[in-house]
Amino acid sequence: MTAASPTAAGKGIQNQPTKPPGMTGRPGDPAELRAAARAFRSRRVIPAVIVAVVLAIISALAADEVFGTMAGHPANAAALASMRRLGTDLHWNEPAVIGAAAAACAIGAILVVLALLPGRSRIVAIRTADPHTVAGVTHLGLRRCLAEAALQQDGIDRARVQLGPHRISVRAVSPLRDAPGLAAQVSQGVAASLAEFDPLQPTRIRSAVRRRED
Amino acid sequence: MSSRTARGNRLGIAIVGVLLVLAGAAALAKGLDAWPSVLGHARSVITTGQVRRYADSQHWFWPVAGAAAIAIVLLALRWLIVQARSDATTTIAFEHNTQRGATAMPASAATSALEDELTAGPYIKRASATLSGPASALRLALSVTITTGSDPATAIRRVSEAVSRLRSALESDELNATVRISATSRQ
């Protein structure tokens, strides 16, 4: 992040750079980190629901056609006839068939990867004094608390926090025309608030303060 | 959500994924003429006359295919329904002695007391607790919403103390607790 000139025209954005204060917090021990990862692992609900719905629809249509045809009343005779024609007209080495096979492989590979990887957790694990307790704060909850901490700093009107892996970005807005050190002050306030949660993973905090447009 | 459901989701997704990869790879190999001695030639049609005649001549073929499709529909619907499954315990049995009798308590009594204790004080707006597992291996899932701008360290300490008191009340020193903390939006 670089500092713009105070007399810059246009939006008058003043990104006051902060010297990164280094990583905040101390890392948790491996057992704590493993327990937290296990407790807050993604449940893969959305992929499961999508796969289940697609399976149910395709199988229901297939069952409907099979039993309808057996009874002499196919549910959709035109569709059934097209499918039969495709089966007899298409060859395995045609581009459409090869493309469909490649797509099936790709989708299958994505599903296998989704099943094996832990997934991105929306929970930040925090330290607890109790070995039988695993605790974490939601990304949204932590963003709200840290934004509130930034807003507590004098001269800050608005603040927005983004969380990344080992990184917290704070974008704040101030009405002050010239307030050197305000970004550093915001970083300190946010770091103090973060310390109250005591996350298991150390984090780097970066703050930028923009002058409010009147 | 039940942890069994979470495991089931990954297993189900993996099975469908592996089947898709195998089917797609076989079709791709056949289409590219990679293994003609096993898979047949690439220039053949997808459903040959031989395959169609076989399917039509076997009286069991289409009923079995239809039954398999229905089985998949039922499995898929069950998979959807279990997303809402919870493994919450309804009753906690403390001791069972054939001579002295059994002592049991509704789990909701313990969880309600914990929720009331947490929300009675400052900083914690909402609390929701669920107990699961047998009495010998109880697990607590606790969701807590703290007030933004409050003192998080104090709120977290109150949660820890309340969980400790619950352990004492249930005589379960090794009750495993998973606490999920969120925060209210700014007022």
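Keep in mind that what you see is a predicted model, and the values were worked out from it rather than measured. Only heavy atoms go into these numbers, but all of them, side chains included; no hydrogens, no water, no symmetry mates.
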statement: OG of Ser182(B) to CZ of Arg122(A), rounded to nearest 0.5 Å, is 14.0 Å

query: Do you know which of Pro63(B), Pro152(B), Ala27(B) has the most heavy-atom pairs under 4.5 Å to chain A?
result: Pro152(B)

message: Please check: side-chain N/O of Asn93(A) versus main-chain N/O of Gly31(B), any donor-acceptor pairing under 3.5 Å?
response: no

- line: Expected contact set for residues 66-77 of chain B against chain A at heavy-atom separation under 4.5 Å reads Gly66(B), Ala67(B), Ala69(B), Ile70(B), Ile72(B), Val73(B), Ala76(B)

- line: Whatever's closer than 4.5 Å to a heavy atom in chain B on Leu117(A) counts as backbone

- prompt: In terms of heavy-atom pairs under 4.5 Å, which option from Asp151(B), Val163(B), Thr154(B) contacts chain A the most?
  reply: Asp151(B)

- line: Heaviest contributor of heavy-atom pairs below 4.5 Å to chain B, chosen from Ile107(A), Val66(A), Leu90(A), is Leu90(A)

Arg139(B): partners by salt bridge (Lys or Arg N to Asp or Glu O under 4.0 Å), with sequence neighbours left out: Asp87(B)

- prompt: Out of curiosity, Glu196(A) CD to Arg157(B) CZ, how far, rounded to the nearest 0.5 Å?
  reply: 10.0 Å

statement: Of Val137(A), Leu142(A), Ile123(A), Val124(A), the one forming a side-chain contact (heavy atoms from CB on, under 4.5 Å) with Ile181(B) is Val137(A)

field: Side chain / backbone / both / neither for Val49(A) at chain B, heavy atoms under 4.5 Å
entry: both

message: Less than 4.5 Å to any heavy atom of chain A: does that hold for the side chain of Ala23(B), its backbone, both, or neither?
response: neither

task: Name the region of Asp33(B), side chain, backbone, both or neither, that has any atom closer than 4.5 Å to a heavy atom of chain A.
output: neither

message: Heavy-atom pairs under 4.5 Å with chain B: which of His139(A), Arg143(A), Arg41(A) has the most?
response: Arg41(A)

statement: Among Ala36(A), Ala104(A), Ala48(A), Ala35(A), the residue with the most heavy-atom pairs under 4.5 Å to chain B is Ala48(A)

- request: Tell me, for Ile156(B) versus chain A, whether the close heavy atoms (under 4.5 Å) come from the side chain, the backbone, both or neither.
  value: side chain

query: Are any of the side-chain heavy atoms of Ile146(B) and Cys145(A) separated by less than 4.5 Å?
result: yes

query: So which of Val21(B), Leu19(B), Val159(B) has the largest heavy-atom pair count under 4.5 angstrom toward chain A?
result: Val21(B)

query: In terms of heavy-atom proximity below 4.5 Å to chain B, should Phe197(A) be classed as side chain, backbone, both, or neither?
result: both

- prompt: Can you say whether Leu61(A) sits under 4.5 Å from chain B via the side chain, the backbone, both, or neither, judging by heavy atoms?
  reply: neither

- request: State whether the side chain of Arg43(A) and the backbone N or O of Arg10(B) hold a donor-acceptor pair below 3.5 Å, judged by distance alone.
  value: no

task: Please state whether the side chain, the backbone, both or neither of Ile126(A) comes within less than 4.5 Å of a heavy atom of chain B.
output: side chain

statement: If one checks every heavy atom of Ser160(B) against chain A at 4.5 Å, the contacting part turns out to be neither

- line: Heaviest contributor of heavy-atom pairs below 4.5 Å to chain B, chosen from Gly136(A), Ala135(A), Gly141(A), is Gly136(A)

message: Please identify, among Val97(A), Ile98(A), Val53(A), Thr128(A), the residue contributing the most non-hydrogen atom pairs under 4.5 Å to chain B.
response: Ile98(A)

- prompt: Would a distance-only check, ignoring hydrogens and angles, find a side-chain to backbone donor-acceptor pair under 3.5 Å from Arg144(A) to Ala183(B)?
  reply: yes

- line: Heaviest contributor of heavy-atom pairs below 4.5 Å to chain B, chosen from Ala52(A), Ser42(A), Ala195(A), is Ala52(A)

query: Checking Arg167(B) against chain A: side chain, backbone, both or neither under 4.5 Å from a heavy atom?
result: side chain

- request: Sort Leu175(B) into side chain, backbone, both or neither according to what part of it lies under 4.5 angstrom from a heavy atom of chain A.
  value: backbone

The single option from Thr178(B), Val179(B), Asn176(B) passing side-chain contact (heavy atoms from CB on, under 4.5 Å) against Thr133(A): Val179(B)

